[in-house]
Protein chains: 2
Amino acid sequence: MSKTREKILDTAIDLFSERGYNDVSVRELTQAVGIKESSLYNHFENKQQILDTIYQELLQSYETMTLPLKTIMEMLENMSLEEFLELAVRNFDNYMAQPRMRKIWRIISIERFRDERAREFFNRYLVDSALEYQTKVFEGMIRKGLIKDWDPRALARETHGFMLFVYFRYMEFDPQADLKEVREMVMDHMKFLTQAIRK
Amino acid sequence: MSKTREKILDTAIDLFSERGYNDVSVRELTQAVGIKESSLYNHFENKQQILDTIYQELLQSYETMTLPLKTIMEMLENMSLEEFLELAVRNFDNYMAQPRMRKIWRIISIERFRDERAREFFNRYLVDSALEYQTKVFEGMIRKGLIKDWDPRALARETHGFMLFVYFRYMEFDPQADLKEVREMVMDHMKFLTQAIRK
DNA sequence: GTCTATACGAGGATAGAC
DNA sequence: GTCTATCCTCGTATAGAC
């Protein structure tokens with residue numbers, strides 16, 4: 001990987017995450033990098049390929065993040081409900097606390113309105129697979145008698161819906177945002193949830 | 001109001017809500033309307049003014065929607081918790097069930113990434129003022145002893161956060177979406193909430 | 001790999017005839 | 001109010017010298 005290529009990618013992530021792919025011209029991007037427009041095409045075939053590369057990075061980082069469900073179930077054996085929910089929050093938090101990851105997710109949030117692949121990413125990774133995953137976790141908890149016998153799908157929506165709300169409102173926009181307040185809100189939510197479903 | 005002007009506005013709402021303001025050219029818009037590009041400028045000063053007009057419509061319709069807080073408090077005198085929450089859901093639902101309103105909110109959702117005013121609209125009307133409003137309602141409920149003495153701000157986030165999650169995931173994209181499933185999810189949520197906070 | 005120069009289509013907008 | 005014709009800028013991208 002050349003230095004210039006990396007710099008193009010970094011700058012693209014910065015700029016695309018601010019105003020979206022279409023609103024950032026190659027002229028502006030290359031100027032911010034400090035090269036001429038034509039030089040960009042030594043590193044990427046075209047503008048679209050820059051975005052593709054960013055998407056790929058997201059995909060890879062996402063797949064290394066989520067723990068296998070089997071591991072989760074094993075952890076549940078030795079953990080209280082509170083401990084487990086706290087862990088779930090910390091996991092999401094760790095991931096979203098990385099400015100680069102937040103920026104890339106922000107690009108996805110913008111592009112999903114015009115780009116089918118971004119929509120895919122968003123719905124699949126940020127929403128549906130997370131819901132499915134948590135549904136299974138709650139199913140496990142119910143089976144073990146840890147929590148009330150509520151519809152696990154509905155419970156998953158209760159947990160994850162709130163996370164997405166928080167993400168949208170407070171984290172999405174300001175890459176430098178102080179996450180303390182956000183964390184407190186999420187913790188409040190987990191407390192609320194715990195007392196509501198504990199048996 | 002001329003017929004052509006109305007048609008431009010309708011078409012703009014359709015197209016902008018699909019791909020956003022910047023991705024719809026004046027050429028495309030006027031072609032969809034069935035007039036020449038130059039004719040558009042007899043009805044609007046420029047492209048931006050079309051978007052401004054759409055924003056204004058949203059502002060007006062929103063302000064006629066929300067009931068004064070005083071009225072809400074009076075209604076609380078004669079209603080059960082369930083009835084009240086159901087009413088709140090129906091209110092949001094009625095509003096978002098109008099395809100035109102959903103389209104305009106979708107434009108806001110898209111434009112908030114690049115347009116300060118859209119961001120204002122989104123944060124202020126769709127999130128913050130709704131949270132503030134519901135906080136006051138929950139405060140009233142706690143004072144009346146209808147619900148548990150939980151932080152009313154946190155409760156407002158629990159209710160409204162979920163509504164936004166549902167809006168984002170399921171309503172935002174498909175103007176023709178079958179809202180039945182969405183309503184069921186919201187009702188599940190309200191049931192969950194009710195049993196969690198009822199005294 | 002980077003530069004200068006250039007192509008060329010698409011974008012928003014205006015002038016002026018009808 | 002609508003049309004034809006036209007303008008100018010900005011967008012992505014390429015050719016070819018260094």
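Being a predicted model, the structure only gives us computed values, none of them experimental. In what follows, every chain begins at residue 1, and chains take the letters A, B, ... in the order their sequences are listed.
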Roughly how many Å is it from [atom1] in [X] to [atom2] in [N], rounded to a whole number?
X: B:Leu51; N: C:dG12; atom1: CG; atom2: P; result: 13 Å
X: B:Gln49; N: C:dA13; atom1: CD; atom2: P; result: 11 Å
X: A:Tyr41; N: C:dT6; atom1: OH; atom2: C1'; result: 14 Å
X: B:Asn46; N: C:dG11; atom1: CG; atom2: C1'; result: 14 Å
X: A:Glu45; N: D:dT12; atom1: CD; atom2: P; result: 16 Å
X: A:His43; N: D:dA13; atom1: NE2; atom2: C1'; result: 16 Å
X: A:Ile35; N: D:dA13; atom1: CD1; atom2: C1'; result: 14 Å
X: A:Ile8; N: C:dG1; atom1: CD1; atom2: P; result: 10 Å

Any ion pair linking [Y] and [X] (charged N to carboxylate O, less than 4.0 Å)?
X: B:Glu18; Y: B:Lys103; value: no
X: A:Glu120; Y: A:Arg112; value: no
X: A:Arg19; Y: A:Glu28; value: yes

For C:dC3, take OP1 and OP2 only and decide whether either is under 4.0 Å from a side-chain N or O of A:Ser38.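 No, outside the criterion.
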Which heavy atom of A:Met187 sits nearest to which heavy atom of A:Glu86, and what is that distance?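 Distance-wise, the nearest heavy atoms are CE-CG, 3.7 Å.
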Does the separation of the ring centres of A:Phe168 and B:Phe168 fall below 6.0 angstrom?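 A:Phe168 vs B:Phe168: aromatic centres under 6.0 Å.
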Could you tell me whether B:Phe165 and A:Phe165 have their ring centroids closer than 6.0 angstrom?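 No, they do not, as the ring centres are separated by 6.0 Å or more.
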Scan A:Lys47 against the nucleic acid and name what it touches under 4.0 Å (heavy atoms): base, sugar-phosphate only, or nothing.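 If one applies the 4.0 Å heavy-atom cut-off, A:Lys47 turns out to touch the sugar-phosphate alone, with no base involved.
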Of all the nucleotides listed (D:dA13, C:dC3, D:dT4), which has the minimum atom distance to the side chain of A:Lys36?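 Nearest nucleotide to the side chain: C:dC3.
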Please work out which residues in residues 18-27 of chain A have a non-hydrogen atom less than 4.0 Å from an atom of DNA chain C and list them by number.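 Correct list: empty, so none.
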B:Tyr55 and B:Phe121: CA distance, side-chain angles, deciding distance, ring pair (Phe, Tyr, Trp, His ring centres under 6.0 Å) verdict: CA-CA 9 Å; B:Tyr55 285 172; B:Phe121 265 117; 5.5 Å; yes
